[in-house]
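Notes follow once the structure below has been shown.
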Amino acid sequence: MTPLLPPSDPPPLFQGLLVEPEEARSILRPQKDERYGFGFALSPYRGCGHGCRYCYVRDYPNALHQPGDWGGWVAPKLNAPELLWSQRHKLHDARVFMASATDPYQPLERQYRLSRRCLEVLLLCPTTEVIVHTRSPLVLQDLELLKAFGDRLSVGLSIPTDDDTVRQVVEPHAPAIPSRWAAAERLAAAGIAVTIGVAPLLAVHDARAFARRARASGAANAWVGGLRLLQQDPFYKLLADHGWLKVLDPDYKDGIRAAFQEAFPARKRTREAKPKAAPMAVAVLPRQPGLFDRVG
């Protein structure tokens, strides 16, 4: 099977980004998550071109890059779809979270299409639930593929603040907040379950208006998560310089969470037996680069 080969030079969109294609040894990382239960994390890339200044992944062990280099390098896992296909036997009745250590729809996905190719594999695993988490409207390029999963796929959109001027400081290379709202609306209108992830919680201008905006987007639910600082994290000084240290106060987080709980009241759970899934009919999608096609 021929691996995906990158072009010799990155296109202008990625100039200044160090791209280090690699052959991964594994692709599924077992995880135990309080929200989603047992499952696997799936990251088609190492590193992330969004380079959010607070990202906890900066501190992951890395022999080649220092935490301060975060956002300046990305390693596409060229064999990610093939590895996933070879390990699909692990995915029966499992949940897959894509992705925990990178954004699966960071800008480089336009070129490498590794997230799409992994989703194509997961589509052929009919008992596997999939959670895609991103902060990018680039996810819309795979809208028809996402719809083909039916109710076994949901999309989480990270919108940690209602103020794009805050985003410009802490996520300077990530998509603007209005474009994320537009993506949430299109996904929800297409029948895809959307979750708004207010995480990590940043400075918010109007908590109740923020929560109402999330509900108006068509999102099925939302959640609020705190900021996780590294030891001696330079991001602390950035918060102090802008007067945003309140985001570290548990009372502040509780106040934002209360506003979202008001907008998204908890639903009563029923203990009805889950019906057996009918044989899945794989949707015929518009022709795009296939699972193992070469993209250049």
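This chain uses plain numbering: 1 for the first residue, then up along the sequence. Hydrogens, waters and symmetry mates play no part in the numbers below; they use all other heavy atoms, side chains included.
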Original post:
Does any donor atom in the side chain of Tyr105 or Gln141 lie under 3.5 Å from an acceptor atom in the other side chain?
Top reply: no
**OP:** Please name the pair of heavy atoms, one in Tyr252 and one in Val204, separated by the smallest distance, quoted to 0.1 Å.
**Re:** OH-N, 2.9 Å
Subject >> Thr195 backbone acceptor or donor facing Asn221 side chain under 3.5 Å >> reply: no
Original post:
Quick one: does Glu120's side chain get under 4.5 Å of Pro81's, heavy atoms only?
Top reply: no
Original post:
How about Arg208: does its CZ atom have over 12 heavy atoms from other parts shown lying under 6.0 Å from it?
Top reply: no
Original post:
Has Phe264 got more than 12 heavy atoms of other residues, nucleotides or ligands less than 6.0 Å from its CZ?
Top reply: yes
**OP:** First locate atom CZ of Phe97, then atom OG of Ser154, and finally report the distance between them rounded to the nearest 0.5 Å.
**Re:** 9.0 Å
Subject >> Arg152 side chain vs Thr127 backbone, donor-acceptor pair below 3.5 Å >> reply: no
Subject >> Side-chain (Thr102) to main-chain (Gly47) donor-acceptor, under 3.5 angstrom >> reply: yes
Subject >> Option among Arg186, Arg113, Arg110, Arg117 that satisfies the salt bridge (Lys or Arg N to Asp or Glu O under 4.0 Å) test with Asp142 >> reply: Arg113
Original post:
Are Arg228 and Pro200 side-chain neighbours, meaning at least one heavy-atom pair lies under 4.5 Å?
Top reply: no
**OP:** Give, for atom SG of Cys55 and atom NE2 of His50, the distance between the pair rounded to the nearest 0.5 Å.
**Re:** 11.5 Å
Original post:
Which atom pair, heavy atoms only, marks the closest approach of Ala203 to Val166?
Top reply: O-CG2, 4.0 Å
Subject >> Test side chain to side chain contact (heavy atoms under 4.5 Å, CB included) applied to Val130 and Leu146, Leu123, Leu153, the passing residue >> reply: Leu153
Subject >> Exercise: identify the closest heavy-atom pair between Val170 and Trp244 >> reply: CG1-CZ3, 4.0 Å
Subject >> Shortest non-hydrogen contact between Pro76 and Val74, atoms and distance >> reply: CD-O, 3.4 Å
**OP:** Check whether any side-chain heavy atom of Leu119 lies under 4.5 Å from a side-chain heavy atom of Val132, and answer yes or no.
**Re:** yes
**OP:** Please identify each residue that fulfils side-chain contact (heavy atoms from CB on, under 4.5 Å) with Ala184, with sequence neighbours left out.
**Re:** Leu157, Val194, Ile196, Ser217
Subject >> Arg167 to Ala174 - nearest heavy-atom pair and separation >> reply: NH1-O, 3.2 Å
Subject >> Atom pair CZ (Phe260) and CZ (Phe210), whose distance is rounded to the nearest 0.5 Å >> reply: 4.5 Å
Original post:
For His242, does the NE2 atom sit with more than 12 other heavy atoms under 6.0 Å from it, leaving out its own atoms?
Top reply: yes
Original post:
Would a distance-only check, ignoring hydrogens and angles, find a side-chain to backbone donor-acceptor pair under 3.5 Å from Glu23 to Leu78?
Top reply: no
Original post:
Are side-chain N/O atoms of Asp163 and Thr161 paired as donor and acceptor at under 3.5 Å?
Top reply: no
Subject >> Asp162 side chain reached by Ile177 side chain, heavy atoms, under 4.5 Å >> reply: no
Original post:
Between Glu262 and Arg212, is there a donor-acceptor pair closer than 3.5 Å when you use the side chain of the first and the backbone of the second?
Top reply: no
Subject >> CG on Leu42 to OG on Ser115, rounded to 0.5 Å >> reply: 7.5 Å
**OP:** Please examine the side chains of Arg53 and Pro234, heavy atoms only from C-beta on, and report whether any two atoms are closer than 4.5 Å.
**Re:** no
Subject >> Under 3.5 Å: donor-acceptor pair, side chain of Arg95, backbone of Gly39 >> reply: no
Original post:
Which value, rounded to the nearest 0.5 Å, describes the distance between Lys253 atom NZ and Leu248 atom CG?
Top reply: 10.5 Å
**OP:** Run the numbers on Gln106 and Ser136 for side chain to side chain contact (heavy atoms under 4.5 Å, CB included), then give the verdict.
**Re:** CA-CA 7 Å; Gln106 61 179 289; Ser136 174; over 6 Å; no
**OP:** Look up atom CG in Asp233 and atom OH in Tyr54, then write down how far apart they are to the nearest 0.5 Å.
**Re:** 12.5 Å
Original post:
At their closest point, which heavy atom of Gly49 faces which heavy atom of His173, and how far apart are they?
Top reply: O-CB, 3.8 Å
Subject >> Arg135 and Arg180, any side-chain heavy atoms less than 4.5 Å apart >> reply: yes
Subject >> Side chains of Lys77 and Ser43 in contact at under 4.5 Å (non-hydrogen atoms) >> reply: yes
Original post:
Counting only heavy atoms not in Asp241, do more than 12 sit closer than 6.0 Å to its CG atom?
Top reply: yes
Subject >> Min side-chain heavy-atom separation Leu201-Leu227 under 4.5 Å >> reply: no
